[in-house]
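These notes concern the structure reproduced below.
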Amino acid sequence: MSVRVRYAPSPTGLQHIGGVRTALFNYFFAKSSGGKFILRVEDTDRERYSDESLQDLYDTLSWLGIKWDEGPVVGGPYGPYIQSERSDIYRHYAEELVKKGKAYYCYCSQERLEKVREEQIKNKSEYQGYDRHCANLTEEERLEYEKQGIKPVIRLRVPTEGKTTFHDVLMGDITRRNRDISPDPILLKSDGFPTYHLANVIDDHMMGITHIMRAQEWIPSGPLHVLLYEAFGWEVPIYCHLPMVMGKDGQKLSKRHGSTSLRDFREKGYLPEAIINYVTLVGWSLDGSTEFFSKEDLEKCFRLENIHKAPAVFDYKKLDWFNGYYIREKSDEEIAALISPYLEKEGFISPDMNGEEKEKLLRLAHASKERMKVLSDIVPLSSFIFRDQPVEDKATYVAKGSDLEKTITALEKGGDLLISSLKAGVVEKEIEDKLFSLSEELGVKVNGVFQPLRVAITNSTVSLPLFDSISLLGLDETEKRLKRGLSIIRS
RNA sequence: GUCUCCUUCGUCUAGUGGUUAGGACAACGGGUUUUCAUCCCGUCAACGCGGGUUCGAUCCCCGCAGGAGAUGCCA
């Protein structure tokens, strides 16, 4: 049997970590087993639907480099792959169920349902859910409602006796008594659109889906879906419920835990390699010690058996660590291209750079690479080059173990030494040695000399290496800043 | 309330009827280094609890506790 899996998100918001993790698992399982990965858009919630979300879905998957074998845009033999274009199919099957007596029309108003719910909560009723008010309407009653112009929903007739079991690859058999299944869930809404349960089951069957990999929050509806497959007389696919992704507090990951949308991560400067690597490791591992996986690796070695059962907490710091690693792995040219948008956004550079500027960007990329966790870090790291905000606080120039007087001397002599040497073309190593000697003369640690120079030149105690900074800034500007620094601490 | 699932360092995880319970991130300490970062070395740190089964349980069984999810004309 050839594997066919699907990622079936609902375009009601931006793609988030949890959804992408599900997509990735499906995708890697498909690839590693020589199967097909299908994308299906479950846009049956017309209230929450948005075009932006749909576009975000496509953007996110393509940014990650996840290509779907069948689905919107690319098409396929089982289309359409957008549920809102399949309404007729769902209606047809829902009505078929009514004819079979497995489902029925319900004319209850939302108000009535609300009231029933309230009542049940108030009475602490053991039984919660729809009271099956319309389960056995006579034909006359039904026609009367129709005459009133009430648009009905179609509900599944859930048996009150017996129990239903489904098998999960990870969890084993999961059984629920039928009486515990939410009584008579709606299959077709009054607006004519199907609910998740109906559309999902029909499409998975019609599209030949072999394995259903979805988050564990769906476990409780597993038996309900089985009931539906049975009502239609269809074969039940293989289930694999994925552990959920949680926030630090153990609750389902959400915005209040930090960024969750892939768009956020992308904008901050996370690389797809890092996201793929880390996110796949949330709830999955190969052997407990291998930690770096490329997309290609995962397309080969991903196995269902290695999925963990327990929910996993999303660790932003570990993602940062992965991202830093992948940034360092890139060539200077790649980094230059990746940081450009951030610099352009700040107005630091313009898209049409001349050769000299391009070369400078490359040097910046080289000097910054090891210092970035995310690409947007380039802004604070490089702003001293493009924007001049001198440090006015004298104390900042003074290194630990030094004093103002020594600092003034260090900046004056060190600065002169630096400028004259650089003008004379002395190699860095030699200049460095001279500065070391200067620190010895002054009786301070090397930083007693370097810190004032650094603060004057880069306007910060934390910066790129001094010689890189000077080279990026230019000799004239460096000289200017050194003089200004001196006048600041002398004042 | 009811139902279902889950439980190894703070976090992600490996693992076995007898192991010094392994790795990674984080944290902390040290080294390299002009700062920061990188890099290197090290330290701290876990089998939820109670019963069984067994010569022996982290591992098998049963309870309990804790956590999570579901209980919508949302998915």
Side-chain angles (χ1 to χ4, degrees), chain A residues 8-13 42-45 47-48 106 108 110 113-114 117 120-121 123-130 151-155 168 170-171 174-177 179-183 185-191 193-197 199-200 214-223 241 243-244 246 248 250-252 278 281-292 306 308-322 324 328 368-373 377 381 399 432 435-436 439 445-451 453-455 458 460-467:
Chain A
S10 165
T12 53
E42 307 216 331
D43 58 345
T44 56
D45 183 347
E47 307 251 317
R48 296 196 302 150
C106 165
C108 292
Q110 308 238 23
L113 296 176
E114 191 60 38
R117 218 178 337 252
Q120 284 167 339
I121 292 169
N123 300 340
K124 294 190 172 158
S125 160
E126 193 187 324
Y127 235 71
Q128 297 211 5
Y130 181 54
K151 291 242 182 300
V153 301
I154 292 179
R155 308 185 92 113
D168 183 280
L170 265 23
M171 242 51 95
I174 294 174
T175 303
R176 256 184 113 166
R177 289 176 310 209
R179 49 171 286 211
D180 291 327
I181 295 174
S182 166
I186 292 172
L187 301 178
L188 202 71
K189 301 183 245 186
S190 55
D191 65 1
F193 280 90
T195 57
Y196 170 83
H197 305 296
N200 193 263
R214 43 139 71 148
Q216 280 173 0
E217 57 189 331
W218 289 108
I219 288 180
S221 18
H241 286 92
M244 309 236 295
M246 317 303 252
K248 222 82 243 69
Q251 309 274 114
K252 209 162 134 179
Y278 177 62
L281 249 19
V282 174
W284 179 88
S285 74
L286 181 66
D287 53 17
S289 59
T290 313
E291 50 195 354
F292 295 115
N306 299 327
H308 206 73
K309 284 202 258 189
V313 175
F314 190 82
D315 186 348
Y316 288 87
K317 289 211 168 135
K318 190 145 190 183
L319 206 215
D320 281 349
W321 177 75
F322 270 111
R328 274 173 258 131
S368 320
K369 212 157 70 169
E370 286 180 348
R371 275 156 248 266
M372 290 188 280
K373 287 235 179 287
D377 285 344
L381 235 29
E432 214 170 52
L435 292 170
F436 288 162
S439 73
K445 288 184 181 169
V446 285
N447 204 30
V449 171
F450 277 89
Q451 180 156 326
L453 292 171
R454 180 179 309 110
V455 174
T458 70
S460 169
T461 53
V462 175
S463 76
L464 301 180
L466 194 60
F467 290 108

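Each chain gets a letter, A, B and so on, in the order the sequences are listed, and its residues count up from 1.
A donor-acceptor pair under 3.5 Å links the side-chain atoms of Tyr278(A) to the main chain of Asp315(A), judged by distance alone. Looking at Gln451(A), its side chain never comes within 3.5 Å of a backbone N or O of Thr461(A) through a donor-acceptor pair. At distances below 3.5 Å, at least one donor-acceptor pair connects side-chain atoms of Lys189(A) with backbone N or O atoms of Thr44(A). The backbone N or O of Arg176(A) sits nowhere less than 3.5 Å from a side-chain atom of Asp180(A) that would complete a donor-acceptor pair.
Look at CZ on Phe314(A): it is 17 Å from P on C25(B), rounded to the nearest Å. Following rounding to the nearest Å, Glu217(A) (CD) and G72(B) (P) show an atom-to-atom distance of 15 Å. A straight line from CG of Leu381(A) to P of U38(B) spans 12 Å, rounded to a whole angstrom. The distance between atom CZ of Arg155(A) and atom P of U71(B), rounded to the nearest whole Å, is 14 Å. To the nearest angstrom, C1' of C40(B) lies 13 Å from CD of Glu370(A). Atoms CG (Leu187(A)) and C1' (C74(B)) sit 15 Å apart, rounded to a whole Å. The interatomic distance linking Arg117(A) (CZ) with A70(B) (P) rounds to 15 Å, in whole Å. The CG atom of Leu188(A) sits 16 Å away from the C1' atom of A75(B) (whole-angstrom rounding).
Look at the C1' atom in both C55(B) and A46(B): the space between them is 27 Å, to the nearest Å. Nucleotides G52(B) and C44(B), compared at atom C1', are 35 Å apart to the nearest Å. C62(B) and C6(B) have their P atoms separated by 12 Å, with the value rounded to a whole Å. As rounded to the nearest Å, C59(B) and C49(B) have P atoms that lie 10 Å from one another. Comparing C3(B) with A45(B), their C1' atoms are spaced 37 Å from each other, to the whole Å. Taking atom C1' in both U19(B) and G10(B), the straight-line distance is 24 Å, to the nearest Å. Atom C1' of A26(B) sits at a distance of 16 Å from the matching atom of G42(B), rounded to the whole Å.
Minimum interatomic distance between Asp168(A) and Met171(A) (heavy atoms only, all atoms of both residues): OD1-N, 2.8 Å. Between His197(A) and Ser221(A), the shortest heavy-atom distance links the atoms CE1-CB, 3.8 Å.
Residues Gln451(A) and Asp191(A) both approach RNA chain B. Their nearest nucleotides, taken by heavy-atom distance, put Gln451(A) toward the 5′ side. Heavy-atom nearest nucleotides on RNA chain B were determined for Lys317(A) and for Asp45(A), and the one closer to the 5' end corresponds to Lys317(A).
Taking a pair to require two hydrogen-bonding distances under 3.5 Å in either a Watson-Crick or a G-U wobble arrangement, A37(B) remains unpaired. C55(B) and G18(B) make up a base pair, with Watson-Crick or G-U wobble contacts both under 3.5 Å. The base-pairing partner of G1(B), taking Watson-Crick or G-U wobble contacts with both distances under 3.5 Å, is U71(B). C25(B) is paired with G10(B) under the criterion used here, namely a Watson-Crick or G-U wobble arrangement in which both key atom distances are under 3.5 Å. The pairing partner recorded for C64(B) is G48(B), the criterion being a Watson-Crick or G-U wobble arrangement whose two distances lie under 3.5 angstrom.
Within the structure, every side-chain polar atom (N or O) of Thr195(A) is placed at least 4.0 Å from both OP1 and OP2 of C73(B).
Of all nucleotides listed (C25(B), A75(B), U35(B)), C25(B) comes nearest to the side chain of Trp321(A). Residue Ala312(A) places its side chain closer to C12(B) than to any other of A27(B), C12(B), G69(B). Out of U11(B), G69(B), C36(B), the shortest distance to the side chain of Lys248(A) is found at U11(B). Checked against A24(B), U34(B), C73(B), the side chain of Glu432(A) finds its nearest nucleotide in U34(B). In this structure, the nucleotide among C12(B), C5(B), A27(B) sitting nearest to the side chain of Val313(A) is C12(B). Of the candidate nucleotides A75(B), C73(B), C12(B), A75(B) has the atom nearest to the side chain of Glu42(A).
On a pure distance criterion of 3.5 Å, a polar donor-acceptor pair joins the side chain of Lys318(A) and the base of A24(B). Side-chain N/O atoms of Thr12(A) and base N/O atoms of C74(B) include no donor-acceptor pair closer than 3.5 Å.
Tyr316(A) has its side chain out of reach of Lys248(A): every pair of non-hydrogen atoms, C-beta onward, lies at least 4.5 Å apart.
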